[in-house]
Asks: 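Below is one structure. I have some questions about it.
Every heavy atom of this structure was used, including side-chain atoms; hydrogens, water molecules and symmetry mates were not.
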Amino acid sequence: MTKEVRRAYRQLLRAVQQHVTASTGNGTWKEYAREQFRRHAGEKDGRKVEALVELAEEYATLVQDVHAHKELLFSYNIGVERNQREMIEKTARRVGLELPQQGTQRKPHPEKNEGTLGKK
């Protein structure tokens, strides 16, 4: 393997491990990438090797960019996978509001009587 091929191989495996395998627990994509590099290990055509290296680098960049895009969506509360209440709370905090806590009720002020509209 040449230096460029090794660099692309490590870059792709690192991206898949960090952003796909670690989050899903499924090593299928990592094994697929290894299999593809092994299958083309004996390739002699320089242009084809260069194209395969470029493809591996593009896949690594795609995996990294999809992860970054997903994180950006979550930071703007656009993510579908987040808890709906958590998204509402974050949105409310962003505009300076706070949602009431569930299970707690406001007690009426002791000086005010609802029937007299605050008159004694």
Asks: Hey, does V66 have a side-chain heavy atom less than 4.5 Å from the side chain of L62?
Replies: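 Side chain of L62 against side chain of V66, heavy atoms only: contact under 4.5 Å found.
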Asks: Is any side-chain heavy atom of L13 closer than 4.5 Å to one of K30?
Replies: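 Side-chain contact under 4.5 Å: yes.
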Asks: Between V5 and V53, which heavy-atom pair has the shortest distance, and what is it?
Replies: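 Closest pair (atom of V5, atom of V53, distance): CG2-CG2, 3.5 Å.
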Asks: Give me each pair satisfying side chain to side chain donor-acceptor pair (under 3.5 Å) with a member in residues 47-59, each pair once, sequence neighbours excluded.
Replies: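 Non-adjacent pairs meeting side chain to side chain donor-acceptor pair (under 3.5 Å): R7-E57.
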Asks: Shortest non-hydrogen contact from A8 to A56?
Replies: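 So the two residues come closest at CB-CB, 4.2 Å.
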Asks: Out of curiosity, Q64 CD to L12 CG, how far, rounded to the nearest 0.5 Å?
Replies: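 Q64 CD to L12 CG: 9.5 Å, rounded to 0.5 Å.
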Asks: Can you tell me how far the NZ atom of K70 sits from the NE2 atom of H67, to the nearest 0.5 Å?
Replies: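 It is 8.5 Å, given to the nearest 0.5 Å.
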Asks: So N26 and T21, side chain to side chain contact (heavy atoms under 4.5 Å, CB included) or not? Walk me through it.
Replies: CA-CA 5 Å; N26 185 350; T21 305; over 6 Å; no
Asks: Would you tabulate the side-chain donor-acceptor contacts of residues 31-40 under 3.5 Å, counting partners in other chains and residues two or more places apart, or write 'none'?
Replies:
from : atom 1 : to  : atom 2 : distance (Å)
E31  : OE2    : R34 : NH1    : 3.1
Q36  : OE1    : R39 : NH2    : 2.8

Asks: Verify the cluster assignment for Y9 and V49: are they in a single hydrophobic cluster under the rule of side-chain heavy atoms below 4.5 Å apart?
Replies: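 Looking at the clustering, V49 is in the same group as Y9.
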Asks: Quick one: does L73's side chain get under 4.5 Å of H69's, heavy atoms only?
Replies: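 Yes, side chains in contact.
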